[in-house]
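A short worksheet on the structure shown next.
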Amino acid sequence: MSVPSPNPGLSLHSKRWNGLRHILEREGPFCKDDFTASPDNLDFLQTKSKVLIIGAGGLGCELLKDLALMGFGNLHVIDMDTIELSNLNRQFLFRRTDIGSSKAECAARFINGRVPTCRVTPHFKKIQDFDDSFYQQFHLIVCGLDSIVARRWINGMLLSMLRYEDDGTIDVSSIVPMIDGGTEGFKGNARVILPGFTACIECTLDLFPPQVNYPLCTIANTPRLPEHCVEYVKLIQWDKENPFSVPLDGDDPQHIGWIYERAVERANEFNITGITYRLVQGVIKHIIPAVASTNAVIAAACAMEVFKLATSCYDSMSNYLNFNDLDGIYTYTYEPEKSESCLACSNKPQLLPIEDPNTTTLDDVIKSLCDSPRFQLKSPALTTVMKDGKQRTLYMSTVKSIEEATRKNLTQSLGELGLQDGQQLTVTDPTSPSAMTLQLKYQANEVEMN
């Protein structure tokens, strides 16, 4: 008579992983050179590998499920959001009783209860709340984000963690690969990023869809849609009333609540219906409705790449997958090139062309950094070192006292500010954990020389 196992999950252990053993314990024609068929490969997945999942929404729930069922035993998940009723149609790890609770904590609890061989550690925080020592502990990071800013930030963090040898080559032990997935309705993409080697998020920033903008004259004078009311409050009333004395944060429930109330008031004034809390969130954060089947496909592609990188059983994707099932099913894989002028991974100051320093104001420079497809910054702060060797803050909007002290610089030309051709500006922005260096290049000087 057999004695039952004290852990019912482990009693199925030998059978549950037979499919993985066929891959990890046998040689094959497509294995990488550094792959050695061995039972140790499965043991590594279950006991030694450490994978971080960023986001516990539509993609994140699928990723957690896929990786747990693929044998990964130590997963961490970060998400700063709480569960809403509208999440339940596709974020299947949550139930109605979870509404209002942390997505990361509920997702971890569900997986831990269903897959005994996997332990998920939740982090109910922002990714910006952790430093490089936190991210260095992981073998791989996989992203299921709905924010371009967050993607750019984690991309910059992984690049900042790279160490270099004396000859300038990258210490491969400092590389933490990132697998990034994204969905937009019936479209999606998955990509593999090896920091320092492959094209990074910044290299291909123009691949992200342009954000919808409404004409300001329509928003201010003749609003016709509920979105117009929300944009009016966001662009005009927020700056005018400055309710919380800080920049608008689309992830802050208080900020969203304030905008919702003012948008309802404006909608009533123009007899417009349809203002909802969810709509306000969508407009402020540029949220596009998700499709559960697209999330499943992209998460599966990302999980497969995590598995291949963790085990070396097969070459990873090289390195960008495009998926579309709007009319039939279409997929295409290609390898984007690294950009020599990439702000994040080129490791050199980037030139900032200026037509005429005597007519270009500091405000013009800041607007170009925000509006240019190359930069797409959100709230840049600029500092520089002047001729006398002293550091000078040109403008910073995030600290009220500094913003008030430097506001007068916005209307001054670069010449009036004493900024010379070739002078370097240090720029910090919420899109990156580290500062970037831009070098002024006055084109007027070249014209005069010619």
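Small disclaimer: the values here were computed from a predicted structure and weren't measured.
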**From CD1 (I366) to OG (S379), nearest 0.5 Å** = 8.5 Å
**Request:** Please name the pair of heavy atoms, one in A56 and one in C61, separated by the smallest distance, quoted to 0.1 Å.
**Result:** O-SG, 3.7 Å
**Message:** Looking only at side-chain N and O atoms, does E84 offer a donor or acceptor that is under 3.5 Å from a partner on Y277?
**Reply:** no
**Asked** Quick one: do the D363 and T361 side chains pair a donor with an acceptor below 3.5 Å?
**Response** no
**Asked** Taking atom CD of E404 as the centre, does the number of heavy atoms from other residues, nucleotides or ligands within less than 6.0 Å exceed 12?
**Response** yes
**D33, CG atom: more than 12 neighbouring heavy atoms under 6.0 Å** = no
**Request:** Taking the six-membered ring for Trp and the full ring for Phe, Tyr or His, determine whether the centres of H76 and F130 are under 6.0 Å apart.
**Result:** no
**Request:** Evaluate the criterion side-chain contact (heavy atoms from CB on, under 4.5 Å) for residue pair M161 and Q136; output intermediate values, then yes/no.
**Result:** CA-CA 8 Å; M161 287 160 41; Q136 285 170 349; 3.5 Å; yes
**Request:** Answer with yes or no whether the side chains of S434 and S160 bring together a donor and an acceptor at under 3.5 Å.
**Result:** no
**L159 to G196 - nearest heavy-atom pair and separation** = CD2-N, 3.7 Å
**Message:** For A104, is there any backbone N or O sitting under 3.5 Å from a side-chain donor or acceptor partner on D79?
**Reply:** no
**Asked** Of T117, V306, L24, which is the lone residue that meets side-chain contact (heavy atoms from CB on, under 4.5 Å) with L45?
**Response** L24
**Request:** Evaluate salt bridge (Lys or Arg N to Asp or Glu O under 4.0 Å) for D249 paired with K126, printing each intermediate quantity in order.
**Result:** CA-CA 13 Å; D249 183 355; K126 297 180 180 181; 3.5 Å; yes
**Asked** Between the side chain of N324 and the main-chain N/O of Y330, is any donor-acceptor distance below 3.5 Å?
**Response** no
**Prompt:** In this structure, are over 12 heavy atoms from other groups packed under 6.0 Å from K367 atom NZ?
**Reply:** no
**Message:** I'd like to know if the side chain of S368 reaches the main chain of V365, judged simply by a donor and an acceptor atom lying under 3.5 Å from each other, with no hydrogens or angles considered.
**Reply:** yes
**Request:** Give a yes or no answer on whether the side chain of N409 reaches the backbone of Y395 with a donor-acceptor pair at less than 3.5 Å.
**Result:** no
**Asked** Does any N or O in the side chain of H22 come within less than 3.5 Å of the main-chain N or O of G19, such that one atom is a donor and the other an acceptor?
**Response** no
**Request:** Decide yes or no on side-chain contact (heavy atoms from CB on, under 4.5 Å) for L248 and I284, but give the supporting numbers first.
**Result:** CA-CA 9 Å; L248 174 60; I284 299 300; 4.2 Å; yes
**Message:** ring pair (Phe, Tyr, Trp, His ring centres under 6.0 Å) for F72 and H139? Distances and angles first, verdict last.
**Reply:** CA-CA 12 Å; F72 288 88; H139 293 98; 9.9 Å; no
**Asked** T383 and V427: side-chain contact (heavy atoms from CB on, under 4.5 Å), yes or no, with the steps?
**Response** CA-CA 7 Å; T383 61; V427 183; over 6 Å; no
**Prompt:** How long is the span from the OG atom in S318 to the CD atom in E335, to the nearest 0.5 Å?
**Reply:** 3.5 Å
**Asked** Within 45° of the axis and under 6.0 Å from the centre of the six-membered ring of Y232, does NZ or CZ of R266 qualify?
**Response** yes
**Prompt:** Does CZ belonging to R163 count more than 12 external heavy atoms closer than 6.0 Å?
**Reply:** yes
**Item:** ring pair (Phe, Tyr, Trp, His ring centres under 6.0 Å) partners for F270, two or more places apart
**Value:** none
**Item:** R152, Q376, R374 screened by side-chain hydrogen bond (donor to acceptor under 3.5 Å, both in side chains) with E202, the one that passes
**Value:** R152
**Prompt:** Checking side-chain hydrogen bond (donor to acceptor under 3.5 Å, both in side chains) against T204, which of E337, K338, R191 comes through?
**Reply:** R191
**Asked** Does a side chain donor of either S38 or T36 reach within less than 3.5 Å of an acceptor in the other side chain?
**Response** no
**Approximate separation, where rounding is to 0.5 Å, of T311 OG1 and D40 CG** = 13.0 Å
**Message:** With a sphere of 6.0 Å drawn around CD of E340, does it hold more than 12 non-hydrogen atoms of other residues, nucleotides or ligands?
**Reply:** no
**Item:** Gap between atom OG1 of T183 and atom CD of E62 - 0.5 Å precision
**Value:** 10.5 Å
**Asked** Is the charged tip of K50 near the ring of F138: under 6.0 Å from the six-membered ring centre and within 45° of its axis?
**Response** yes
**Item:** Donor-acceptor contact present, side-chain D129 to main-chain K125, <3.5 Å
**Value:** no
**Fill in**
For N74 and S49 the tightest heavy-atom approach is CB-O, 3.4 Å
**Asked** Looking only at heavy atoms, what is the nearest atom pair of F323 and I298, with distance?
**Response** CB-CD1, 4.0 Å
**Request:** List the steps, then state whether side chain to side chain donor-acceptor pair (under 3.5 Å) holds for T393 with T406.
**Result:** CA-CA 7 Å; T393 299; T406 58; over 6 Å; no
**Request:** Test side-chain contact (heavy atoms from CB on, under 4.5 Å) on S346 and S341 and set out the steps.
**Result:** CA-CA 6 Å; S346 62; S341 60; over 6 Å; no
**Prompt:** Does Y332 have any ring pair (Phe, Tyr, Trp, His ring centres under 6.0 Å) partners at least two apart in sequence or in another chain, and if so, which?
**Reply:** Y334
**P226 to L279 - nearest heavy-atom pair and separation** = CB-CD2, 3.5 Å
**Prompt:** Hey, is CE on M396 packed in by over 12 heavy atoms from elsewhere, all under 6.0 Å?
**Reply:** yes
**Request:** Indicate yes or no for a side-chain donor-acceptor contact from S432 to the backbone of D429 under 3.5 Å, with no hydrogens or angles considered.
**Result:** no
**Message:** Let me confirm one number: the CD1-CG distance from I329 to D327, rounded to the nearest 0.5 Å.
**Reply:** 11.5 Å
**Message:** I'd like to know if the side chain of T294 and the backbone of G185 have a donor-acceptor N/O pair within less than 3.5 Å.
**Reply:** yes
**Item:** Summary of side-chain hydrogen bond (donor to acceptor under 3.5 Å, both in side chains) pairs that have at least one residue in residues 90-105, sequence neighbours excluded
**Value:** Q91-K103
**Heavy-atom check, side chain of K378 versus side chain of V149, under 4.5 Å** = yes
**Item:** Separation of I53 CD1 from C302 SG (nearest 0.5 Å)
**Value:** 10.5 Å
**Request:** For salt bridge (Lys or Arg N to Asp or Glu O under 4.0 Å), just list the numbers for K308 and E305, CA-CA rounded to whole Å, side-chain angles, deciding distance to a tenth of an Å, and then say yes or no.
**Result:** CA-CA 5 Å; K308 290 191 289 186; E305 296 308 315; 2.9 Å; yes
**Request:** Please name the pair of heavy atoms, one in F92 and one in K65, separated by the smallest distance, quoted to 0.1 Å.
**Result:** CZ-CE, 3.7 Å
